[in-house]
Amino acid sequence: AGNANYTAAPQVTQNITVGQGSQTITFTSAAPAAAVVGGATYTPAATGGASGNAVVFSIAAGSSTVCSISGGVVSFIGVGSCTVQANQAGNTNYTAAPQATQAFTVGQGSQTITFGTAPTVNVGTTGTVSATGGASGNAVIFTSTTPAVCTVSGTTVTGVTVGTCTIAANQAGNANYTAAPQVTQNITV
């Protein structure tokens, strides 16, 4: 503005270039503390920047044998370190957010053995025992804990004398699964 002695100054302008803003991604879900192969799944969550684009989750290439993601849910498929990646695209006003990662350890899963129906076994006759095991793929191995009453060869139980025959079932573990706890089945001979 002017005053009694000066006229108003002519308007002048200055151009300022406004660049894209930045975004950040923050995981809002805690990494699972007890992830195990075949165990409970995990759903990652994160907040992103102002672009309005969704935060997209993926599994790092080095973790593809440990964990997988489908529909935003992480499953555990092997022992090791799982790294979840979070990305958010930019737009006209915001750059893409730098990738955020969340890493955690996946341990061995557990297995259980379930016996089938107990066979009928008499002295001098045989029956077949059956059981389903866990995901290690190892065979369920049967033994008799009462060899004076019955013997076992493979899945065949032979009655030796009258009494209670106790069959034990075991399944070994592997890199991804612990050995199954031993279970027993009683058969009256």
Side-chain angles (χ1 to χ4, degrees), residues 27-46 56-86 101-189:
F27 275 91
T28 56
S29 56
V36 295
V37 176
T41 58
Y42 165 62
T43 303
V56 178
F57 299 100
S58 62
I59 300 300
S63 296
S64 62
T65 60
V66 177
C67 52
S68 63
I69 191 165
S70 178
V73 178
V74 177
S75 298
F76 309 117
I77 56 176
V79 170
S81 179
C82 174
T83 300
V84 177
Q85 301 170 326
T101 60
Q102 186 180 61
F104 48 89
T105 300
V106 177
Q108 286 181 306
S110 60
Q111 304 184 98
T112 57
I113 299 170
T114 304
F115 269 104
T117 303
T120 300
V121 179
N122 295 315
V123 175
T125 68
T126 62
T128 302
V129 290
S130 64
T132 56
S136 71
N138 293 321
V140 175
I141 305 297
F142 302 101
T143 57
S144 172
T145 64
T146 54
V149 177
C150 64
T151 60
V152 178
S153 177
T155 60
T156 303
V157 179
T158 302
V160 176
T161 188
V162 172
T164 300
C165 165
T166 302
I167 303 298
N170 292 281
Q171 183 183 30
N174 62 15
N176 291 323
Y177 292 92
T178 59
Q182 184 183 76
V183 294
T184 60
Q185 182 177 57
N186 289 331
I187 301 168
T188 301
V189 177

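Note that the numbering runs from 1 along the sequence shown for the chain. From a predicted model like this one, the values you see are computed outputs, not experimental measurements.
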Between side-chain atoms of residues 169-186 and protein atoms elsewhere (two or more places apart, or another chain), which donor-acceptor pairs fall under 3.5 Å?
from, atom 1, to, atom 2, distance (Å)
Asn170, OD1, Gln182, NE2, 3.3
Gln171, OE1, Gly134, N, 2.6
Gln171, NE2, Ser136, OG, 3.4
Gln171, NE2, Asn138, O, 2.7
Asn174, OD1, Asn176, N, 2.9
Asn174, OD1, Tyr177, N, 2.9
Asn174, ND2, Ser136, O, 3.1
Asn176, OD1, Val79, N, 2.9
Thr178, OG1, Gly109, O, 3.4
Gln185, NE2, Gly116, O, 2.8
Asn186, OD1, Thr166, OG1, 2.8

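Between Thr128 and Thr155 the shortest side-chain heavy-atom distance falls below 4.5 Å. Using a 4.5 Å heavy-atom cutoff, the side chains of Val84 and Ile59 are in contact. Side-chain contact between Thr125 and Thr120 is absent, with no heavy atoms from C-beta onward closer than 4.5 Å. A 4.5 Å side-chain heavy-atom check between Ser130 and Val140 finds every atom pair outside the cut-off. The side-chain heavy atoms of Val123 and Val162, taken from C-beta on, include a pair separated by under 4.5 Å. Counting heavy atoms from C-beta outward, Val149 and Thr164 have side chains that stay 4.5 Å or more apart. The closest side-chain heavy-atom distance from Val157 to Ile167 is below 4.5 Å.
Applying the side chain to side chain donor-acceptor pair (under 3.5 Å) definition to pairs two or more places apart or across chains, none involves residues 140-149.
Phe27 and Ala86 get closest at one heavy-atom pair: CZ-CB, 3.8 Å. Of all non-hydrogen atoms in Thr43 and Gly72, the two that sit nearest each other are CG2-O, 3.7 Å. When every heavy atom of Cys67 is checked against every heavy atom of Phe76, the shortest pair comes out as CB-CD2, 4.2 Å. Between Ser81 and Ala103, the shortest heavy-atom contact is OG-CB, 4.5 Å. Nearest heavy atoms, Val121 versus Thr158: CG1-C, 4.2 Å.
Side chains of Ser75 and Tyr42: a donor-acceptor N/O pair is absent below 3.5 angstrom, by distance only.
Ser63 contributes a side-chain N or O that, together with a main-chain N or O of Thr83, makes up a donor-acceptor pair within less than 3.5 Å.
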Derivation of the side chain to side chain donor-acceptor pair (under 3.5 Å) call for Gln85 and Thr101: CA-CA 5 Å; Gln85 301 170 326; Thr101 60; over 6 Å; no
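The structure places OG1 of Thr41 at 10.5 Å from CD1 of Ile69, a figure rounded to the nearest 0.5 Å.
Ring geometry, Phe115 versus Phe142: the interplanar angle falls from 30° to 60°, so the pair is classed tilted.
Partners of Asn122 by side chain to side chain donor-acceptor pair (under 3.5 Å), not counting sequence neighbours: none found.
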